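Take a look at the structure set out below.
Here the structure is a predicted model, which means the values were calculated and not measured. Note on naming: letters A, B, ... go to the chains in the order of the sequence lines (proteins, then strands), and numbering restarts at 1 for each one. No hydrogens, no waters, no symmetry mates; every other heavy atom, side chains included, goes into these values.
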Protein chains: 2
Amino acid sequence: MKSVAATRPIGFLIGDLARLMRRRFERRLAGSDTGLTVSEARTLAMVEHYSGWRQTALADRMGIEPMTLSGFLDRLEAAGLVVRKPDPNDRRAKLITLAPAATPVLERIHEEMVAIRLEALEGFSEEDADRLYALLQRMHGNLCCCGPEELS
Amino acid sequence: MKSVAATRPIGFLIGDLARLMRRRFERRLAGSDTGLTVSEARTLAMVEHYSGWRQTALADRMGIEPMTLSGFLDRLEAAGLVVRKPDPNDRRAKLITLAPAATPVLERIHEEMVAIRLEALEGFSEEDADRLYALLQRMHGNLCCCGPEELS
DNA sequence: GGCAGATAGTAAGGAGATCTGATTATATGG
DNA sequence: CCATATAATCAGATCTCCTTACTATCTGCC
């Protein structure tokens, strides 16, 4: 477990890939007329998947701070794509759901995501893709919690 | 090649991983007294590897715009970690090399990179790590050039 | 019931990475 | 020797994300 590290650090490789994919996704979103940024699109897709969750839970699931999510939701709500409704059980909390106008936008987003996936995994067998995916998720599991918070 | 896409888009997974690793690397760099940001550290590591290259070539290799690199080099040069010397064959160009002061800083950077790699790949066999690395690099090859520049 | 402390959301502000477009100096081909 | 291309940089913008502090509300305990 050292041969690989010498070639190019895994963190930089992942960072490069993220930059490349983000760039493509940005251009595609600009090409569609969604008017969304990458993170807004991601947020919308998360709201679709976790409809009715409160913001804190959603932010946690997304791995970002509640305040960061709040900004994205502000813009999505202003665009009429999501709705914040008060939690009947807790007046502090708001439950996030999709607005009807989100449907066609999400369709475009899904199309673009599929396209990028095809580009990124071109030439991959289904097994390769599955293996890659499994390895990435293991890595995510290693990193997502229990972070180095004792550093501060 | 569709089962995986339904779970979580590969682009967002890569983006999440990049965010997680960047965060850890940031904290570690702050913990060391390098005073560098993640991108500056990456730039320094690239200069180490591609010593004597001109900025355009370096930016190209790093997958960023020359102007972006220029900013990082400004700060690294101000910190006395790299040197810009004029290319004797082309007075427009500058060749980037390490300054002597970079040596201990690079050592710290390498240590932190190794630590992050260990965290990220904890529990991975060497074969898994190699496989992951190979798959990621294939993906990088698919994306790094021939991008969707016809979109604009 | 009523307060102490936790929790949900947000306002304010900032840092970092990255881009685009314009500018200057230099090189190079015809 | 000029037209065009290239190397680096200036100016300015966007996007993502964070920290800190504040308000409203909830919950457990006396």
Side-chain angles (χ1 to χ4, degrees), chain A residues 11-12 15-16 18-27 29-30 34-43 46 53-60 62-78 82 84-96 147 149 151-152, chain B residues 11-12 14-16 18-27 29-30 35-43 46 53-60 62-78 82 84-96 147 149 151-152:
Chain A
F12 292 157
D16 287 355
R19 196 177 330 106
L20 288 165
M21 301 187 85
R22 156 173 298 274
R23 207 136 60 185
R24 287 182 186 237
F25 198 35
E26 262 166 11
R27 303 225 163 144
L29 284 177
T34 60
L36 297 181
T37 68
V38 171
S39 286
E40 287 158 11
R42 174 164 99 103
T43 302
M46 291 297 281
W53 282 32
R54 46 176 73 177
Q55 293 185 203
T56 308
L58 208 52
D60 194 59
M62 292 176 72
I64 60 178
E65 297 302 309
M67 187 59 221
T68 305
L69 177 62
S70 195
F72 298 148
L73 289 176
D74 283 350
R75 302 203 284 272
L76 289 174
E77 192 180 32
V82 304
R84 282 192 249 227
K85 41 182 159 186
D87 185 339
N89 302 319
D90 187 342
R91 268 179 303 171
R92 294 169 304 177
K94 294 168 185 169
L95 308 180
I96 311 300
E149 60 276 337
L151 270 174
S152 48
Chain B
F12 291 157
I14 295 275
D16 288 354
R19 198 177 329 106
L20 288 165
M21 302 187 85
R22 157 173 297 272
R23 209 135 61 187
R24 288 183 184 235
F25 198 36
E26 262 166 12
R27 302 224 163 142
L29 284 177
L36 297 181
T37 68
V38 172
S39 286
E40 286 157 13
R42 174 165 99 104
T43 302
M46 291 297 280
W53 283 32
R54 48 176 73 178
Q55 293 184 207
T56 307
L58 208 51
D60 194 59
M62 293 176 73
I64 60 179
E65 296 301 309
M67 185 58 219
T68 306
L69 176 61
S70 195
F72 300 147
L73 289 176
D74 283 350
R75 304 203 283 273
L76 289 174
E77 192 180 32
V82 304
R84 282 192 248 227
K85 44 182 159 185
D87 185 339
N89 301 319
D90 187 340
R91 269 179 301 174
R92 294 169 304 177
K94 294 168 186 168
L95 307 180
I96 311 300
E149 59 275 336
L151 269 174
S152 47

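Note on A:Thr37: a side-chain N or O is less than 4.0 Å away from OP1 or OP2 of D:dT16. Using a 4.0 Å cut-off, some side-chain N or O of A:Arg27 falls inside it from OP1 or OP2 of C:dT20. A sub-4.0 Å separation between OP1 or OP2 of C:dT7 and a side-chain N or O of A:Gln55 is absent. At C:dG9, one or more side-chain N or O atoms of A:Thr56 fall inside 4.0 Å of OP1 or OP2 (strictly under the cut-off). Between B:Arg75 and C:dA17 there is a side-chain polar atom (N or O) within less than 4.0 angstrom of OP1 or OP2. Distances shorter than 4.0 Å separate some side-chain N or O of A:Arg84 from OP1 or OP2 on C:dT10. A close approach under 4.0 Å does occur between a side-chain nitrogen or oxygen of B:Arg19 and OP1 or OP2 of D:dC17. Not one side-chain nitrogen or oxygen of B:Arg91 sits closer than 4.0 Å to the OP1 or OP2 atom of C:dA25.
Taking OG1 from B:Thr37 and CG from B:Leu76, the interatomic distance works out to 8.0 Å, rounded to the nearest 0.5 Å.
If A:Gly15 and A:Leu73 are placed on DNA chain C by their nearest nucleotide, the residue sitting closer to the 5' end is A:Leu73.
Among the nucleotides D:dC18, C:dC19, C:dA25, the one closest to any side-chain atom of A:Arg23 is C:dC19. Picking from D:dT9, D:dC17, C:dA8 the nucleotide with the shortest atom distance to the side chain of B:Met67 gives D:dT9. Nearest nucleotide to the side chain of B:Ala93, out of D:dA7, D:dC17, C:dT18: D:dA7. In this structure, the nucleotide among D:dA7, C:dT10, D:dC26 sitting nearest to the side chain of A:Pro66 is C:dT10. For A:Arg54, whose side chain is taken as the heavy atoms from C-beta onward, the closest listed nucleotide among D:dA7, C:dA8, C:dT18 is C:dA8.
As judged by a 4.0 angstrom heavy-atom cut-off over every strand, A:Ser39 is placed among residues touching the sugar-phosphate backbone only. When heavy atoms are screened at a 4.0 angstrom cut-off, B:Thr68 is found touching base atoms of the nucleic acid. Contact annotation for A:Arg22: backbone-only contact, meaning every heavy-atom pair under 4.0 Å involves sugar-phosphate atoms and none involves a base.
Of all heavy-atom pairs between A:Gly11 and B:Met21, the closest is CA-CE, 3.8 Å. Closest non-hydrogen pair, B:Leu29 versus B:Ala41, comes out as CD1-CB, 4.0 Å.
Side chains of A:Leu69 and A:Thr56 form no contact here, defined as non-hydrogen atoms less than 4.5 Å apart.
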Original post:
Stepwise, does the side-chain contact (heavy atoms from CB on, under 4.5 Å) test hold for B:Asp74 with B:Arg84?
Top reply: CA-CA 9 Å; B:Asp74 283 350; B:Arg84 282 192 248 227; 2.3 Å; yes
